[in-house]
Amino acid sequence: MLDPKLLRTELDDVAVRLQKKYFNLDVSQVEALEAERKSAQMAVEVLQAERNKQSKMIGQAKAQGEDVAPLLAQVADLGARLAEQKTQFESVSEQFQSLVLAIPNIPDASVPVGKTEDDNVEIRRWGEPGSFDFPVLDHVALGEQGHSMDFEVAAKVTGSRFVTLRGELAQLHRALTQFMLDLHVNEHGYEEVYVPYIVNSESLRGTGQLPKFGEDLFKLEGEKDFYLIPTAEVPVTNLLRDVIVSEDQLPLQFVCHTPCFRSEAGSYGRDTRGMIRQHQFEKVELVQLLRPEDSAQAHEALTHHAEVVLQKLELPYRVVNLCGGDLGFASAMTYDLEVWLPGQDAYREISSCSNYLDFQARRMQARWRNSRTGKPELLHSLNGSGVAVGRALIAVMENYQQRDGSIAIPAVLHSYMGGKAVLFRDV
RNA sequence: GGAGAGAUGGCUGAGUGGUCGAAAGCGCUCCCCUGCUAAGGGAGUAUAGGUUGAUAGCCUAUCCAGGGUUCGAAUCCCUGUCUCUCCGCCA
């Protein structure tokens, strides 16, 4: 959520800056609602002040044994007038609130101009895509060995966009997860957290998935407002909802492994082959909450932490700075890591590292107490995948494939695979 | 699932219709005293919104949340959420 004060004082400027995200802010609507809000709120508060004053007088009169009937007569219609104004004010502020909740975060000045992912700007590359002296297979073909990766059985068990893994491949999937968690905990100083995989709507509002993007979520049937998490970002960032932390606890750095569930509405026909886009996948997520002055640097550091995963796995990747049109709703600036997939002959997203500034924190009232001023201030929140486990798995498969269909295991994973160095040797 | 209890400021904990945003204690901050890692005295110490040149004032809201009763609600009524205790069940 944007600062309502900003909408009041720099509305035109905000509108201009939001254009970069191809969001058209209806300036006159905001102005009109704000004007209405102001007069409605003042009307309510004046009446409330009047009521409080009168009630106090009645109380005093009664205490002195005086006849309060005339005083009561004076306030006879006050309640009705107040109720009327209140209804009016509530309706206006509700409208204003839902309008503001639907406004995306303002992109950072450094965000490239552009509409689609083609306009993203490459920042750097790491590693060289390997050259193969045999026809490369994609992960689907590689996974067919021994039914290690099976989309058909998953379709039977559940439906499309699900997968089952078996044997060594399932193990490798787990090994990747453990490796990433250990790396971030032991070398990057993150605190590991375990969280619910089901969240309520307040949490989703806090991180920005709701109210606008409900169609991307799996909602549970029942009386409660429960959803499957689309990312660990939701439960982890919401740990700080309605919390004021002391400055010496900052920065908060959490790493969390969870499954993620996405309906993938609107992506019909895209990435239908293979494990790239699934309704269920796993992710090791990095989340940081810290002082505003630290967030820019932390964003670079967090991105680097995700990169280290790929470097240690020796997977070629590049880093792109998302253009305005490709930027997420809540993000002010996002770096995507794109890993090289020989099977697709392309770089594909494997991590997305975003700085939300105070956008999420304002929605969820996540604050810290500034020791200098003694006052609570909004935190800045960041997160990034460190990294998507399913995509890391297919990146390893495709980049480490060998002529005979076996797959070498990256050196850093050997210890997690019981010393094993090759997959599918005996298949 | 059954039965009961509860939710008040950073913490403990008073407060059952009227100057209660809320006693007291603890903690914390500042000042005084004290020649010392003790004690004492004083002042202060929530958040959000509005108004304003203003981190000054003033106004409003907030005692789990949402409704209701009332001129007036932390206090009464209803609903919900959460916590605790006992029983049952259970990975």
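Chain naming here is simple, since letters A, B, ... match the order of the sequence lines and numbering starts at 1 in each. Keep in mind that the numbers below use all heavy atoms, side chains included, and drop hydrogens, waters and symmetry copies.
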**Request:** Report the base-pairing partner of B:A65 (Watson-Crick or G-U wobble, both distances below 3.5 angstrom), or none.
**Result:** B:U79

**Prompt:** Can you find a side-chain donor-acceptor pair between A:Ser295 and A:Asn355 that sits under 3.5 Å?
**Reply:** yes

**Message:** Looking at A:Arg273 and A:Asp138, is any side-chain nitrogen of the basic one under 4.0 Å from a carboxylate oxygen of the acidic one?
**Reply:** yes

**Request:** Mind calculating the distance between CZ (A:Phe96) and P (B:G49) to the nearest angstrom?
**Result:** 12 Å

**Prompt:** So what's B:G25 paired with, Watson-Crick or G-U wobble, going by both distances under 3.5 Å?
**Reply:** B:C11

**Message:** Using Watson-Crick or G-U wobble geometry with both distances under 3.5 Å, which nucleotide pairs with B:G4?
**Reply:** B:C84

**Asked** Given the side-chain rings of A:Phe213 and A:Phe329, with only the six-membered ring counted for Trp, is the space between their centroids under 6.0 Å?
**Response** yes

**Item:** Considering all heavy atoms, the nearest A:Pro107-A:Lys20 contact
**Value:** CG-CB, 3.8 Å

**Base-pairing mate for B:G57 - Watson-Crick or G-U, with both contacts under 3.5 Å** = B:U51

**A:Gln41 CD - B:U52 P separation (whole Å)** = 12 Å

**Message:** Which residue is it: A:Arg291, A:Arg369, A:Arg372? I am looking for the one with a salt bridge (Lys or Arg N to Asp or Glu O under 4.0 Å) to A:Glu247.
**Reply:** A:Arg291

**Message:** Let's see if you get this right: which residues in residues 201-209 of chain A place a heavy atom under 4.0 Å from RNA chain B?
**Reply:** none

**Asked** Side-chain donor-acceptor pair under 3.5 Å between A:Lys283 and A:Thr258, yes or no?
**Response** no

**Prompt:** Can you give one letter per nucleotide of nucleotides 69-80 of chain B, going 5' to 3': B for a protein heavy atom under 4.0 Å from the base, S for sugar-phosphate only, - for none?
**Reply:** --BS--------

**Item:** Value in whole Å for how far the C1' atom of B:G50 lies from CZ of A:Phe89
**Value:** 9 Å

**Request:** In sequence, state the C-alpha distance, the side-chain angles, and the governing distance for A:Leu289 and A:Phe254, and then conclude on side-chain contact (heavy atoms from CB on, under 4.5 Å).
**Result:** CA-CA 9 Å; A:Leu289 292 130; A:Phe254 298 118; 4.2 Å; yes

At a cut-off of 3.5 Å, list every protein nitrogen or oxygen paired with a nitrogen or oxygen from nucleotides 44-47 of chain B, distance to 0.1 Å.
unit_1	atom_1	unit_2	atom_2	d
B:U47	OP1	A:Arg369	NH1	3.2
B:U47	O3'	A:Arg367	NH1	2.9

**Request:** Check every strand shown and say whether A:Gln60 touches a base, only sugar-phosphate, or nothing at a heavy-atom separation below 4.0 Å.
**Result:** base

**Prompt:** Side-chain donor-acceptor pair under 3.5 Å between A:Glu36 and A:Gln95, yes or no?
**Reply:** no

**Prompt:** Side-chain donor-acceptor pair under 3.5 Å between A:Asp336 and A:Ser352, yes or no?
**Reply:** yes

**Fill in**
Separation of B:G50 atom C1' from A:Gln85 atom CD, nearest Å, is 15 Å

**Request:** Please find out if less than 6.0 Å separates the ring center of A:His380 from that of A:Phe359.
**Result:** no

**Request:** Could you tell me the separation between the CG atom of A:Asp242 and the P atom of B:U62, rounded to a whole number of Å?
**Result:** 17 Å

**Message:** Please report the distance, rounded to the nearest Å, between CD in A:Glu377 and P in B:A48.
**Reply:** 10 Å

**Item:** Residue from A:Thr334, A:Thr207, A:Asn383 passing side chain to side chain donor-acceptor pair (under 3.5 Å) with A:Tyr356
**Value:** A:Asn383

**Request:** Mind checking A:Lys86 for me? I need base, sugar-phosphate or nothing, with any heavy atom below 4.0 Å counting as a touch.
**Result:** nothing

**Message:** What is the distance, to the nearest angstrom, from the CD atom on A:Glu50 to the P atom on B:C58?
**Reply:** 19 Å

**Asked** Say you pick atom C1' in B:A24 and the same atom in B:C32; how far apart are they, in whole Å?
**Response** 24 Å

**Request:** Compute whether any side-chain donor of one residue and acceptor of the other, for A:Asp326 and A:Asn120, lie under 3.5 angstrom apart.
**Result:** yes

**Message:** Rounding to an integer number of Å, can you tell me how far A:Gln48 CD sits from B:C58 P?
**Reply:** 18 Å

**Message:** Regarding B:G49, can its base be found pairing with the side chain of A:Glu45 as donor and acceptor, where the two atoms are less than 3.5 Å apart?
**Reply:** yes

